[in-house]
Amino acid sequence: QVQLVESGGGLVQAGGSLRLSCAASGRTFSSYAVDWFRQAPGKEREFVAAISRNGGSTYYPESVKGRFTISRDNAKNTVYLLMNNLKPEDTAVYYCAAKITHTDQAIIIGGDIWGQGTQVIVSS
(Lines give C-alpha, C1' and ligand atoms only; values in the text may rest on other atoms or scores of the structure.)
Protein backbone atom coordinates (compact mmCIF):
# COMPACT_ATOMS: atom_id res chain seq x y z
CA GLN A 1 0.00 0.00 0.00
CA VAL A 2 2.62 2.60 1.01
CA GLN A 3 5.37 3.33 -1.54
CA LEU A 4 8.58 5.19 -0.73
CA VAL A 5 10.74 7.50 -2.86
CA GLU A 6 14.07 8.87 -1.61
CA SER A 7 15.53 12.15 -2.84
CA GLY A 8 18.05 14.81 -1.86
CA GLY A 9 21.30 12.98 -2.51
CA GLY A 10 24.19 14.49 -4.38
CA LEU A 11 27.84 15.44 -4.29
CA VAL A 12 29.09 17.36 -1.27
CA GLN A 13 32.50 18.21 0.17
CA ALA A 14 33.63 16.79 3.48
CA GLY A 15 32.26 18.86 6.34
CA GLY A 16 29.16 19.83 4.41
CA SER A 17 25.52 18.93 4.94
CA LEU A 18 22.69 17.28 3.05
CA ARG A 19 19.05 16.66 3.86
CA LEU A 20 17.53 13.52 2.42
CA SER A 21 13.80 13.04 2.03
CA CYS A 22 11.72 9.88 2.03
CA ALA A 23 8.34 10.66 0.52
CA ALA A 24 5.52 8.18 1.02
CA SER A 25 2.31 7.61 -0.87
CA GLY A 26 -0.77 6.29 0.85
CA ARG A 27 -3.11 7.48 3.57
CA THR A 28 -1.73 5.29 6.38
CA PHE A 29 1.82 6.67 6.56
CA SER A 30 1.34 7.81 10.15
CA SER A 31 1.05 4.13 11.14
CA TYR A 32 4.58 3.34 9.89
CA ALA A 33 7.85 3.51 11.75
CA VAL A 34 10.70 4.34 9.36
CA ASP A 35 14.41 3.56 9.10
CA TRP A 36 17.28 4.86 7.02
CA PHE A 37 19.93 2.44 5.77
CA ARG A 38 22.95 2.95 3.54
CA GLN A 39 25.05 0.69 1.36
CA ALA A 40 28.42 1.39 -0.22
CA PRO A 41 29.77 -0.74 -3.10
CA GLY A 42 31.16 -4.02 -1.83
CA LYS A 43 29.85 -3.45 1.70
CA GLU A 44 26.89 -4.75 3.65
CA ARG A 45 23.85 -2.59 4.14
CA GLU A 46 24.24 -0.51 7.30
CA PHE A 47 21.58 0.85 9.64
CA VAL A 48 21.70 4.65 9.94
CA ALA A 49 18.67 5.93 11.86
CA ALA A 50 15.17 5.04 13.00
CA ILE A 51 12.06 6.96 13.99
CA SER A 52 8.76 5.93 15.52
CA ARG A 53 5.47 6.57 13.79
CA ASN A 54 4.78 9.92 15.47
CA GLY A 55 8.41 11.05 15.64
CA GLY A 56 8.57 10.81 19.41
CA SER A 57 11.34 8.20 19.53
CA THR A 58 14.57 8.02 17.53
CA TYR A 59 17.59 5.75 17.49
CA TYR A 60 21.05 6.01 15.91
CA PRO A 61 24.18 3.87 15.73
CA GLU A 62 27.41 5.26 17.11
CA SER A 63 28.79 5.87 13.62
CA VAL A 64 26.37 8.74 12.99
CA LYS A 65 25.20 9.79 16.46
CA GLY A 66 25.63 13.52 16.95
CA ARG A 67 25.94 14.20 13.20
CA PHE A 68 22.69 12.86 11.69
CA THR A 69 19.14 13.71 12.70
CA ILE A 70 16.04 11.83 11.59
CA SER A 71 12.69 13.61 11.67
CA ARG A 72 9.27 13.34 10.09
CA ASP A 73 6.33 15.45 9.03
CA ASN A 74 3.31 13.20 8.79
CA ALA A 75 1.20 16.02 7.33
CA LYS A 76 3.57 15.92 4.34
CA ASN A 77 3.98 12.12 4.34
CA THR A 78 7.74 12.62 4.55
CA VAL A 79 10.66 11.45 6.69
CA TYR A 80 13.93 13.39 6.60
CA LEU A 81 17.54 12.62 7.34
CA LEU A 82 19.65 15.70 8.04
CA MET A 83 23.33 14.83 7.68
CA ASN A 84 25.83 17.31 9.10
CA ASN A 85 29.64 17.23 9.12
CA LEU A 86 29.70 14.68 6.34
CA LYS A 87 32.74 12.46 5.94
CA PRO A 88 34.00 10.50 2.92
CA GLU A 89 33.02 7.27 4.68
CA ASP A 90 29.38 8.44 4.54
CA THR A 91 29.45 7.90 0.76
CA ALA A 92 26.75 5.35 -0.08
CA VAL A 93 23.31 4.83 -1.54
CA TYR A 94 20.80 5.73 1.16
CA TYR A 95 17.50 3.87 1.47
CA CYS A 96 14.44 4.34 3.63
CA ALA A 97 12.35 1.45 4.90
CA ALA A 98 8.99 1.34 6.65
CA LYS A 99 6.94 -1.04 8.75
CA ILE A 100 3.52 -0.73 10.37
CA THR A 101 3.70 -0.43 14.14
CA HIS A 102 1.01 -0.34 16.79
CA THR A 103 2.40 2.12 19.33
CA ASP A 104 3.71 5.67 19.04
CA GLN A 105 6.98 4.68 20.73
CA ALA A 106 7.94 1.57 18.76
CA ILE A 107 11.25 1.60 16.87
CA ILE A 108 11.90 -0.94 14.12
CA ILE A 109 15.18 -1.87 12.44
CA GLY A 110 14.50 -3.28 8.99
CA GLY A 111 11.24 -2.65 7.19
CA ASP A 112 8.77 -4.43 4.95
CA ILE A 113 8.73 -1.66 2.31
CA TRP A 114 11.84 -0.10 0.74
CA GLY A 115 12.52 2.81 -1.55
CA GLN A 116 14.85 2.83 -4.56
CA GLY A 117 17.65 4.76 -2.86
CA THR A 118 19.43 8.07 -3.38
CA GLN A 119 23.18 8.44 -3.93
CA VAL A 120 25.35 10.46 -1.54
CA ILE A 121 28.97 11.16 -2.48
CA VAL A 122 31.24 12.97 -0.05
CA SER A 123 34.53 14.20 -1.48
CA SER A 124 37.69 15.04 0.43
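Every value quoted in this text rests on a predicted model; they were computed, and no experiment measured them.
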Heavy atoms, side chains only, cut-off 4.5 Å: are [X] and [Y] in contact?
| X | Y | value |
| --- | --- | --- |
| Gln13 | Ser124 | no |
| Thr118 | Tyr95 | no |
| Val12 | Ile121 | no |
| Phe37 | Ile109 | yes |

Notebook entry, point to check: Run the side-chain contact (heavy atoms from CB on, under 4.5 Å) check on Thr78 and Phe29 step by step: do they pass?
Noted result: CA-CA 9 Å; Thr78 303; Phe29 180 65; 5.9 Å; no
Margin query: Going by side chain to side chain contact (heavy atoms under 4.5 Å, CB included), Met83 matches just one of Thr69, Asp90, Leu20, Val122. Which one?
Written below: Leu20
Check: If you draw the axis of the six-membered ring of Trp36, does the NZ or CZ of Arg45 fall within 45° of it and under 6.0 Å from the ring centre?
Finding: no
Item checked: cation_pi(Arg72, Tyr32) dist<6.0 Å, angle<=45 -> no
Taking [atom1] in [X] as the centre, count heavy atoms belonging to other residues, nucleotides or ligands within less than 6.0 Å. Is the count above 12?
| X | atom1 | answer |
| --- | --- | --- |
| Lys43 | NZ | no |
| Tyr59 | OH | no |
| Gln3 | CD | no |
| Glu44 | CD | no |

Item checked: From CA spacing to verdict: side-chain contact (heavy atoms from CB on, under 4.5 Å), Gln105, Ser52 -> CA-CA 6 Å; Gln105 300 84 5; Ser52 61; 5.6 Å; no
Closest non-hydrogen atom pair between [X] and [Y], with its separation:
| X | Y | answer |
| --- | --- | --- |
| Gly110 | Asp35 | N-OD2, 2.5 Å |
| Ala106 | Ala33 | O-CB, 3.9 Å |
| Ile51 | Thr58 | CG1-CG2, 3.9 Å |
| Ile107 | Ser57 | CD1-O, 3.4 Å |
| Ala50 | Ile70 | O-CG2, 3.5 Å |
| Ala14 | Pro88 | CB-CD, 4.2 Å |

Next item on the list: Given side-chain contact (heavy atoms from CB on, under 4.5 Å), test Ser31 with His102 step by step and report yes or no.
Entry: CA-CA 7 Å; Ser31 297; His102 302 286; over 6 Å; no
Using modelled atom types only, decide if a donor and an acceptor are shared between the side chain of [X] and the backbone of [Y] within a distance under 3.5 Å.
| X | Y | result |
| --- | --- | --- |
| Gln119 | Gly10 | no |
| Asp104 | Asn54 | no |
| Asn74 | Arg53 | yes |
| Gln116 | Val5 | no |

Notebook entry, point to check: Nearest 0.5 Å, what's the OG-CG distance between Ser21 and Leu4?
Noted result: 12.5 Å
Next item on the list: Measure the CZ-CG distance between Phe68 and Leu81 for me, rounded to the nearest 0.5 Å.
Entry: 6.0 Å
Note to self: If hydrophobic clusters are built from ILVMFWY residues whose side chains come within less than 4.5 Å, do Val64 and Leu18 share one?
What the structure shows: yes
Next item on the list: Let me see the working for Val120 and Thr91 under side-chain contact (heavy atoms from CB on, under 4.5 Å), right down to the final yes or no.
Entry: CA-CA 5 Å; Val120 172; Thr91 296; 5.8 Å; no
Notebook entry, point to check: With distance as the sole criterion, is a donor-acceptor pair present between the side chains of Asn84 and Ser17 under 3.5 Å?
Noted result: yes
Next item on the list: Could you tell me whether the side chains of Arg38 and Tyr94 share a donor-acceptor contact shorter than 3.5 Å?
Entry: yes
